[in-house]
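Only heavy atoms go into these numbers, but all of them, side chains included; no hydrogens, no water, no symmetry mates. Owing to the predicted nature of the structure, the values given are computational and were not obtained by experimental measurement.
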Amino acid sequence: MRLTVNRVQYDIDVEPDMPLLWVLRDELGITGTKYGCGIAQCGACTVHLDGLAVRSCQIPAQAAEGSKIVTIEGLGTPEALHAVQQAWVEHQVAQCGYCQSGQIMQAASLLDTNPDPTDEEIDRVMSGNLCRCGTYPRIRAAVKTAGAKLRGA
Amino acid sequence: MRWIVFVAAMIVAGGAFAAGEHGLDVNRLEPGSVSQAEGLAAWGRIHDVVSHPRCANCHTDDANVPMWSGPEYEKPGPHGMNINAGESRIGAEFLPCQTCHATSALPNTVPHAAPHAGAPWMLAPVEFVWFGQSENAICEQMRDPERNGGRDGDAMVEHILHDAELRSFITWAFDPGPGREAAPGTLQEHLDDTIRWVAAGMPCPGD
């Protein structure tokens, strides 16, 4: 099976129903994507599959074959952060940080389709990403800052 | 609107899913060969299926909110996580259903996980509202081509067969995986009842 992760092709030998999260972390050693619940209840494992934010714990490896997968490692680089990553730094969003790669991937997907979201729209899209530290007010502020940057405002 | 393009892209992606065999026996019946009483009895069993939470939870009204109801829940309530599927009914305006509900024909094996099916997860079209509706209201909707996707009786049967080929939502309802109560009966029995109901002229309890 061949997967494309962060523009790199990998040939892997796994069961067709192995969740993409397991493939990323255990087979490929790409560990920025976090395991939280394994049942799509928390959002920590969010990655982009052909541009759509998905919970990688729910995607069978078979279903990801032929798609472009982007993880937090592929969203930006330390030298050239994605606007969402930059806003996360500016707002010092993270507390413990465990959920934040999922939060950032979901926020980037949100802004890709809606670069100027209202508070209600942010809450509707981001409510599936849980943060036990309760950083939600800073997440909302950072999403708005990133949106403004992406709009050139 | 950008989400309309997004919807189109997701539907195309879903349509690319390889169709398989439906694996069902199609015991077709001549129109009029089934009595009104037998047709109504078949409808009653169809209603037991379509009003079951596995089906009705995603046949909701124009608030576009899927429901969480059934024996797994203390009481019926809206889907958690502040979910609203929007006018698109697939969540394109907010959080797409597919963010958590994968498109995969593989069996559902993990308890409490977001269920998946062989078609992109979505609410049924808004005119197909079943949740909280009376048995007769659901029956009237299902036989009305203006409100059932333009389907006559034969197309209703084909709808089930096509669903089974994809291992889509109707098929999933009878095999939802651990931790979720299945719709009553089997997909084969549901197909047989639909064929009987159609052959009887789609009678409803209020006729």
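- When each of A:Q41, A:R124, A:R55, A:E121 is checked for heavy-atom pairs under 4.5 Å with chain B, A:R124 comes out on top.
- Nearest heavy-atom pair, B:A113 versus A:Q58, reported as atom, atom and distance to 0.1 Å: CB-OE1, 3.7 Å.
- When heavy atoms are compared at a cutoff of 4.5 Å, B:P107 does not approach chain A at all.
- Here the straight-line distance linking atom CE of A:M126 with atom CZ of B:F94 works out to 15.0 Å at 0.5 Å rounding.
- Heavy-atom neighbours of B:H79 NE2 from other residues, nucleotides or ligands within 6.0 Å: above the threshold of 12.
- Around atom NZ of A:K68, no more than 12 heavy atoms belonging to other residues, nucleotides or ligands sit under 6.0 Å away.
- Here the options are A:I59, A:L52, A:V54, the test is side-chain contact (heavy atoms from CB on, under 4.5 Å), and the partner is B:Q98; only A:L52 passes.
- The number of heavy-atom neighbours closer than 6.0 Å to CZ of A:R151, taken from other residues, nucleotides and ligands shown, is above 12.
- Among A:P16, A:P117, A:P60, A:A63, the residue making the largest number of heavy-atom pairs under 4.5 Å with chain B is A:P60.
- In this structure the side chain of B:L95 reaches within 4.5 angstrom of the side chain of A:Q106, judged on heavy atoms.
- Residue contact with chain B, scored on non-hydrogen atoms closer than 4.5 Å, involves the backbone and the side chain of A:D123 alike.
- Only the side chain of A:Q62 comes within contact range of chain B, with at least one heavy atom under 4.5 Å from a heavy atom of that chain.
- At most 12 heavy atoms of other shown residues, nucleotides or ligands fall within 6.0 angstrom of atom CD in A:E15.
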